[in-house]
K.L.:
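Have a look at the structure that comes next, please.
This chain uses plain numbering: 1 for the first residue, then up along the sequence.
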Amino acid sequence: MTSTVSHTADTVNQLQRKLVAAEAENDRLLALMAKKEAQWEAAKAALFEQFRLAIERQFGPSTEKYRIEQGDLLINEAEVAVDEKDAAAPDEPATEESSAEARQPAKRRSRGGRVALPPELPRVEVVHELPEDARRCAEDGTELKVIGEAISEELHVVPARVEVIRHVRRKYACPACEEGVQIAPAPAKLLPKSNASATLLAYVATAKYQDALPLYRQSQIFARHGAEIPRNTLARWMVQVGERLMPLVEALRQHLLQAPLIHMDETTLQVNAEAGRAASATSYMWLQRGGPPGQQVVLFDYDASRAGRVPVRLLGDYAGRLVTDGYEGYAEVVRKNGITHAGCWAHARRKFVEAQKVQPKGKTGKADWALNQIRKLYAVEKQAKGLEPEAHQALRDQKSRPLITQLRTWLDKSLTQVLPKSALGKALHYLDGQWTRLTRFLDDGLIPLDNNPAENAIRPFVVGRKNWLFSHTPSGAQASAAIYSLIETAKVNGLSPYEYLQFVFEILPTVGEEDDLGTLLPWRWKETLPV
């Protein structure tokens with residue numbers, strides 16, 4: 001009887017253990033299902049956010065203006081408030097500069113709404129006289145005298161005209177002995193074996209690299225003017241010009257590497273015929289910008305790689321300050337040279353702009369708070385404009401540092417509350433990962449808040465790439481880099497790209513190997529221009 005009871009008890013215990021195990025397994029499966037469901041919901045939310053952002057990029061406005069509900073403040077990509085009161089006249093399309101540096105002071109408008117014609121443009125006076133018989137008084141026939149003038153101006157354009165310059169070099173010889181023939185020396189040319197003048201080369205280079213006009217279209221334009229210049233010829237000229245400019249580009253590089261701070265950026269480029277690489281392979285155009293106001297340098301460099309060895313090659317022994325976006329390819333040169341590496345708040349802000357776009361309409365959230373805090377940082381920078389570095393840093397200590405402290409506290413709390421793969425989660429983790437670089441500006445008045453100067457300088461290349469799409473060979477890409485370097489350097493120093501290129505193309509052939517190329521630098525040429 002006892003053994004039967006004991007056996008029954010064991011059976012009950014086994015059943016209870018199996019029941020407990022079954023319940024535990026059931027709980028585990030339920031928990032797993034809940035976890036999978038949460039992951040699926042998070043994945044759906046992330047995909048939906050990506051879809052909304054893709055729609056926004058495709059059909060939304062191209063600028064990165066965003067609206068903060070508190071205060072209804074509009075801010076554009078360059079952190080400059082838009083003055084909507086200064087609207088363009090109906091017959092003048094409104095324009096918006098993408099850079100605070102590129103923005104010029106607004107010209108005073110006349111009463112009719114038209115912008116006054118620039119006083120530096122040349123004037124051609126056309127005098128309109130009364131007919132001879134109308135210059136006498138109708139009453140007594142007395143000859144009328146001039147008592148004043150009514151002046152109006154209209155903008156006139158002289159279309160491009162293609163002409164041929166004939167260089168006639170006269171020969172001299174002694175009529176008696178008929179020996180010792182002498183001839184005037186040939187004029188120095190940038191491309192000795194071509195029939196292209198410095199003016200023509202500057203015109204073609206400016207049209208392609210400044211105005212993004214592909215060479216095949218330029219060939220068609222020249223044909224309309226009666227000059228048949230094949231596209232291949234224009235391309236060969238540009239490659240040869242780029243090669244001739246390399247010594248001057250190196251002179252600009254030496255000046256750049258003396259700057260206390262350098263901005264860097266890179267963008268993609270396709271080169272079709274490069275040894276050992278597929279035509280569809282991605283190459284890169286690298287950009288550097290730096291120097292004091294009035295002596296700024298913008299350099300473009302082509303490389304097939306985006307690896308960290310490229311900044312090492314470009315920066316050499318440079319050990320100053322470097323401002324970049326969040327790309328980690330700069331880490332090697334920063335570590336090797338002991339460079340002070342700063343981040344870009346415009347990139348951090350951009351991610352919160354994307355997070356704000358996927359918020360429910362009419363709702364405010366964490367993205368709005370972050371954007372408002374970043375706006376306040378830029379407001380401090382606007383207030384500090386023109387200050388010496390020491391005073392700039394002091395103002396940051398007083399106003400920016402408390403904002404950064406608040407932002408860090410908010411960030412630490414928010415990181416645990418937001419899904420990492422959501423748009424807001426990506427913005428938060430980018431801010432957290434770049435925090436050291438982003439806050440480096442607090443300790444150095446020379447370090448700016450963002451890398452916008454580099455982005456603004458590289459934008460003309462990106463615009464041009466949409467038109468000419470690719471480079472055929474590495475030599476073509478390198479030539480493009482050299483010409484872009486001169487054009488963008490001229491622009492940031494307030495010079496006309498065409499006039500500067502024309503000057504360089506005319507003078508460079510006369511410069512010997514031992515001569516100082518410093519006389520060809522934009523700011524040196526600018527000093528010689530009439531005021």
Side-chain angles (χ1 to χ4, degrees), residues 76-81 97-107 118 120 210 248-249 251-265 287-300 315 318-324 339-340 342 344-346 377-396 400 440-441 444-461 484-497 499-501 503-504 517-531:
N76 68 9
E77 171 63 16
E79 287 66 48
V80 178
E97 293 288 32
S98 58
S99 160
E101 295 184 2
R103 189 179 298 276
Q104 300 295 326
K107 295 183 179 180
E120 62 271 16
Q210 166 63 25
L248 180 56
V249 170
L252 288 170
R253 191 182 309 280
Q254 295 307 313
H255 183 84
L256 172 72
L257 293 177
Q258 298 174 12
L261 182 141
I262 293 178
H263 293 266
M264 286 192 71
D265 199 5
L287 176 131
Q288 298 167 272
R289 177 174 178 175
Q295 293 188 9
Q296 288 243 335
V297 174
V298 177
L299 286 185
F300 287 79
L315 290 173
Y318 180 77
R321 304 163 181 84
L322 180 66
V323 183
T324 71
I339 291 174
T340 301
C344 175
W345 276 98
L377 290 176
Y378 275 100
V380 176
E381 297 305 299
K382 185 176 181 180
Q383 183 181 349
K385 188 175 181 180
L387 295 179
E388 292 298 322
E390 294 78 9
H392 197 157
Q393 183 179 346
L395 185 64
R396 285 172 170 174
S400 298
R440 198 150 273 152
F441 78 99
D444 192 332
L446 281 176
I447 295 178
L449 214 56
D450 56 43
N451 199 33
N452 279 355
E455 292 196 3
N456 294 331
I458 209 170
R459 188 171 291 114
F461 173 83
Y484 269 116
S485 296
L486 261 65
I487 286 178
E488 293 305 315
T489 298
K491 286 167 59 180
V492 299
N493 287 285
L495 298 175
S496 160
E499 292 178 359
Y500 177 62
L501 287 183
F503 161 75
V504 170
L517 288 175
T519 57
L520 298 181
L521 298 177
W523 45 91
R524 296 282 294 276
W525 178 60
K526 188 176 182 180
E527 293 172 356
T528 66
L529 297 178
V531 179

K.L.:
Any side-chain heavy atom of R289 sitting closer than 4.5 Å to one from V492?
P.N.:
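In contact.
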
K.L.:
Roughly how far apart are L377 CG and F441 CZ, rounded to 0.5 Å?
P.N.:
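Answer for the CG-CZ pair, L377 versus F441, is 5.0 Å.
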
K.L.:
What's the shortest heavy-atom distance between R524 and G518, and which atoms?
P.N.:
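For R524 and G518, the tightest heavy-atom pair comes out as CG-O, 3.1 Å.
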
K.L.:
Are the side chains of W523 and H255 in touch, meaning some heavy atoms are under 4.5 Å apart?
P.N.:
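In contact.
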
K.L.:
Quick one: closest heavy-atom pair of R396 and P448, and the distance?
P.N.:
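In this case the closest contact between R396 and P448 is NH2-CA, 4.1 Å.
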
K.L.:
How far does CZ of R459 sit from CD of E488, to the nearest 0.5 angstrom?
P.N.:
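Interatomic distance, R459 CZ to E488 CD, rounded to 0.5 Å: 11.0 Å.
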
K.L.:
Find the distance between CG (L387) and CD (Q393) and round it off to the nearest 0.5 Å.
P.N.:
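So the gap between those two atoms works out to 12.5 Å.
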
K.L.:
Sequence neighbours excluded, which residues qualify as ring pair (Phe, Tyr, Trp, His ring centres under 6.0 Å) partners of F503?
P.N.:
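Partners of F503 under the ring pair (Phe, Tyr, Trp, His ring centres under 6.0 Å) test: W525.
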
K.L.:
Would you give me the side-chain donor-acceptor pairs under 3.5 Å for residues 256-265, sequence neighbours excluded?
P.N.:
from, atom 1, to, atom 2, distance (Å)
H263, ND1, N451, OD1, 2.9

K.L.:
Can you find a heavy atom in the side chain of F300 that is under 4.5 Å from one in the side chain of I458?
P.N.:
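With C-beta onward as the side chain, the pair touches.
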
K.L.:
Does D444 have any side chain to side chain contact (heavy atoms under 4.5 Å, CB included) partners at least two apart in sequence or in another chain, and if so, which?
P.N.:
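Per chain and number, D444 pairs via side chain to side chain contact (heavy atoms under 4.5 Å, CB included) with R321, L446, I447.
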
K.L.:
Is N493 reaching over with its side chain to a backbone N or O of Q295, donor-acceptor style, under 3.5 angstrom?
P.N.:
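Judged by distance alone, yes, a pair lies under 3.5 Å.
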
K.L.:
To the nearest 0.5 Å, how far apart are CD1 in I339 and CG in L322?
P.N.:
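Taking CD1 in I339 and CG in L322, the distance rounds to 5.5 Å.
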
K.L.:
List for me each residue that meets side chain to side chain contact (heavy atoms under 4.5 Å, CB included) alongside S496, sequence neighbours excluded, and say none if there are none.
P.N.:
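Result, side chain to side chain contact (heavy atoms under 4.5 Å, CB included) vs S496: Y498, E499.
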
K.L.:
Compare every heavy atom of L517 with every heavy atom of L248, then report the nearest pair and how far apart it is.
P.N.:
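Closest heavy-atom pair between L248 and L517: N-CD1, 3.9 Å.
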
K.L.:
Side chains of L486 and L252: closer than 4.5 Å at any heavy-atom pair?
P.N.:
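Yes; the side chains approach each other to less than 4.5 Å.
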
K.L.:
What heavy-atom pair brings Y500 and P522 nearest, and what distance separates the two atoms?
P.N.:
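Closest approach of Y500 to P522, heavy atoms only: OH-CD, 3.3 Å.
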
K.L.:
R253: what forms a salt bridge (Lys or Arg N to Asp or Glu O under 4.0 Å) with it, not counting sequence neighbours?
P.N.:
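Testing R253 for salt bridge (Lys or Arg N to Asp or Glu O under 4.0 Å), a comparison that skips the adjacent residues, returns E250, D301.
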
K.L.:
Does V298 offer a backbone N or O that forms a donor-acceptor pair with the side chain of T489 under 3.5 Å?
P.N.:
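Side chain of T489 to backbone of V298: a pair is present.
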
K.L.:
How about L315 and Q288: do any of their side-chain heavy atoms sit closer than 4.5 Å?
P.N.:
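The answer is yes; the side chains approach within 4.5 Å.
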
K.L.:
Hey, what do you get for CD (E527) to OG1 (T519), rounding to the nearest 0.5 Å?
P.N.:
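Between E527 CD and T519 OG1, I get 11.5 Å after rounding to 0.5 Å.
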
K.L.:
With sequence neighbours excluded, tell me which residues meet side-chain hydrogen bond (donor to acceptor under 3.5 Å, both in side chains) with Q210.
P.N.:
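With sequence neighbours excluded, Q210 shows a side-chain hydrogen bond (donor to acceptor under 3.5 Å, both in side chains) to K491, given in chain and number order.
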
